[in-house]
Each structure stands twice: as C-alpha cells, then as structure tokens.
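A quick write-up on the structure given underneath.
Chain A is the first sequence line, chain B the second, and so forth, proteins listed ahead of strands; every chain is numbered from 1.
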Protein chains: 2
Amino acid sequence: MEEGTSKSASYSEGTEDPWDACQWDVREGCEVRQILDRIADKWSLLVVALLASRRMRFTELLREVDGVSQRMLTVTLRQLERDGLVERTVYPVVPPRVEYELSSLGVTLHSAVQSLVVWTETHQVEIASARAAYDRAQQALESDHGRADPASGAGARRTR
Amino acid sequence: MEEGTSKSASYSEGTEDPWDACQWDVREGCEVRQILDRIADKWSLLVVALLASRRMRFTELLREVDGVSQRMLTVTLRQLERDGLVERTVYPVVPPRVEYELSSLGVTLHSAVQSLVVWTETHQVEIASARAAYDRAQQALESDHGRADPASGAGARRTR
DNA sequence: CAGTATCCTGAACGATACTG
DNA sequence: CAGTATCGTTCAGGATACTG
C-alpha cells in the first residue's frame, strides 16, 4: 500500500501572528485541506456523484466512471470508505458481490459540493471570457516584445 | 440518500439519457472539473483566502502562504489571474510594486468555497473517528490474517 | 521587488499480471 | 467478481540561479 496513506505533513508552526481569524485553510495541517484534497482528486468527486444517485457495485462504477483504472477506483473507494463517506457491503456469495453506497455523511458532503457546482455553472461564461481576454493580451505582448509601449504613462497598469 | 438530484442550473446539452441531470461532473470535459482542479490545487485556495482579507503584494504572499515556492506562487497567481479571479496591478515605480486582489468574481468564489469549509469544520470529528475506526479494523485484520473469521455467517458484511 | 529559466525528484497514475 | 501486487512513466512542484 504505497499511496493510500496521506503524506501527513507534520509542519512546525511557530508564528503567532494575530491574524489567524482567516487561517482556516492556511495551516497545512488543517482539516479543510485534507478534505479538499480528497474531494478534488481526479476520481473521488465522480464516484460520489454516481453513488449519490444509487448504490453500485465495483464493476458498475468501473464502467460508469469511464477512464478510471481498476487500481485507481479501488484506491479512491478505499479512501472514501476510510473517511466514512461511502459504505462498502460484501455479500458472501460465490461470485463475490460488493456494493458501495454513500453514507449519510457522504450525502451531506455531496450537497455541500453542490454549491460549488452551481457557482461554476453560474460563472463559467465569465471565466471563459476572462481566459480569452488574458490569452489575447498575452498574444499581444508577444507581438510587442521589442517595441516601445505606447500606453506607458505614469499610472498603475492592470494586466488584463 | 435516495435522491441525489443535483439541480443542475440550466446547463444541459440535449442528451436523451434520463439521468443526465446528475452528469455535471461525470463528463471529463465539464467545466466543473476545471474549476475544481483550480481551486483545489495546493496553493490557489490559500491565496484566495488571503486575498479575501486584503490586497497584497507578491512578497507579502510569499511570506504569508508559508511553504510556497516563488515559482509556484507565480504560477498560481497567473492561473487565478487568467481565470479572472484575481487582478494584478503593476505600479511603474523604481522598485517594482505589484499588488494582487480578488476580483468580484473571486469574491463570489470565495463565498462559495465557504460552504465547503463549514461542512469540513462541522464534520471533521466524524471523519477523524471514521478514519480511526477504519484503521483499527485494518489493524485487526492484520492480526487475523491466518485465522478463521468467527463472524462469517450468512449475511452481508460491512467493512467498517 | 517581482519575477523567469532550468534542473531534478518523488508522488500519482496507468497498464499489466496475478488471486481468493 | 473484486480485488492486490508490481512495474514503468509522467508531471507537479521544490530548489536554485539569473534578470529587468
């Protein structure tokens, strides 16, 4: 088991700056980072989304997730199980039957993630055009690389 | 847990599949994944959190984020800038002065992320104990590796 | 000060083969 | 069917050095 274990950066925190009201995700050891790393890795979110609709067997997930390797599906499921987000049920039948389902905790996570999904859907156009604008500006800079800047006056310059 | 129904605001391509209401993150090309990858990478969230409190200079961020390399801070800021989440202002003074601040879009993202932070804070104890239980069970299995299972009856077996 | 350029390592991941 | 074990590759990210 080489990679199921988190690296668990036990980082020494010596600074006692008084601004730690906003520190929720600044500390390495903070739980938020761990959870975020879990739900944001390549497959976890997909699996959670699928299991949110119904309980499924291993092979079903393997088919549905489309692109995941057997190994990564196993690893992902083990992590989610360890965190108490999914539950694994083994039926002692001749061809092994294992079913996965979201735990109640997993369900609440799934709803929490929804707000982010909604945000993304709401703002994807803005992001796309921001990217386009940025890339256009970069393109312009490349053409400009040797020339004098006609807009270089005295004020601050926005990079957009 | 029987009803996952993501509300999937208005973004539906004309697929006939009846359950594509839940497909928001199943598709590889979906925007959600891109955004999620951005906000969930190692540093973006930290930077956004810091900039949510006040605008900051490059070196300030380098100090505050604590652990980030110069390279990764640059990369992170460029990505966030490209996505229109932060704005970069260059003051044309003799020692270069560059300030970063959240855009209005970035502010909305930050609030959206809060729900996840709240979820994590609310459930971190549950997760911690789930992990402890899982690890304890694994430990027990290792001791049991060669012996007969006293609980192996007829029913399904939960792995927790 | 605020970067860019370059090199390098280790973790993540995929592919494959084997097993209860 | 539902995994585990092993190997090879890729690539994110750290360290370091240089620059306008």
Among C:dG3, D:dC1, D:dG3, the one nearest A:Phe58 by side-chain distance: D:dG3
Protein-nucleic acid N or O pairs under 3.5 Å, nucleotides 15-20 of chain C:
none

Take the protein atom CG of B:Asp41 and the nucleotide atom C1' of C:dA12, then report the distance between them rounded to whole Å. 15 Å
Every stem of 3 or more Watson-Crick or G-U pairs under 3.5 Å that DNA chain D joins, in order of first number, is C:1-20 with D:1-20
What pairs with B:Arg38 under salt bridge (Lys or Arg N to Asp or Glu O under 4.0 Å), at least two apart in sequence or on another chain? B:Asp83
Following the transitive rule for hydrophobic clusters with a side-chain heavy-atom cut-off under 4.5 Å over Ile, Leu, Val, Met, Phe, Trp and Tyr, establish whether B:Val118 and B:Leu46 coincide in one cluster. no
Starting from C1' on D:dT4, measure out to CG on A:Leu73 and report it in whole angstrom. 14 Å
By side-chain contact (heavy atoms from CB on, under 4.5 Å) - contacts of A:Ser115 (at least two apart): B:Ser115
Could you state the CD-P distance from A:Glu99 to D:dG3, rounded to the nearest angstrom? 12 Å
side-chain contact (heavy atoms from CB on, under 4.5 Å) partners of B:Gln70, counting only residues at least two apart: B:Phe58, B:Leu62
B:Trp43 CH2 to D:dA12 C1', in whole Å, measures 12 Å
For A:Arg88 and D:dC1, give me the distance from atom CZ to atom C1', rounded to whole Å. 12 Å
Going by side-chain contact (heavy atoms from CB on, under 4.5 Å), name the residues that satisfy it together with A:Ala156, two or more places apart in sequence or in a different chain. B:Thr89, B:Tyr91
Pairs flagged by salt bridge (charged side-chain N to carboxylate O under 4.0 Å, His left out) wherever residues 110-119 of chain A is involved - sequence neighbours left out: none
Please give, in whole Å, the distance from D:dA12 P to A:Asp37 CG? 16 Å
If the cut-off is 4.0 Å, is B:Arg57 near the phosphate of C:dA2, judged by side-chain N/O to OP1 or OP2? yes
Do you know which two heavy atoms are closest between A:Glu126 and A:Thr122, and how far apart they sit? OE2-O, 4.3 Å
Within the structure shown, what part of the strands sits under 4.0 Å from B:Thr59 by heavy-atom distance: base, sugar-phosphate, or nothing? sugar-phosphate
One should read off an interatomic distance between A:Glu64 CD and A:Leu51 CG, to the nearest 0.5 angstrom, of 10.5 Å
Protein-nucleotide distance (B:Leu61, atom CG; C:dC1, atom P), rounded to Å: 14 Å
Considering only heavy side-chain atoms of A:Met72, the closest of C:dG14, D:dG13, D:dG3 is C:dG14
Residues in salt bridge (Lys or Arg N to Asp or Glu O under 4.0 Å) contact with B:Arg71, at least two apart in sequence or another chain: none
Is the shortest side-chain N/O distance from A:Arg78 to OP1 or OP2 of D:dA2 below 4.0 Å? no
Can you measure A:Lys42 atom NZ to C:dA12 atom C1' for me and round it to whole angstrom units? 9 Å
Just jot down the side-chain contact (heavy atoms from CB on, under 4.5 Å) partners of A:Arg63, sequence neighbours excluded, or say none. A:Thr59, A:Glu60
Is A:Tyr100 touching bases, backbone alone, or none of the nucleic acid, heavy atoms closer than 4.0 Å? sugar-phosphate
Quick one: on DNA chain C, does A:Val68 or B:Pro95 contact a more 5' nucleotide (nearest heavy atom)? B:Pro95
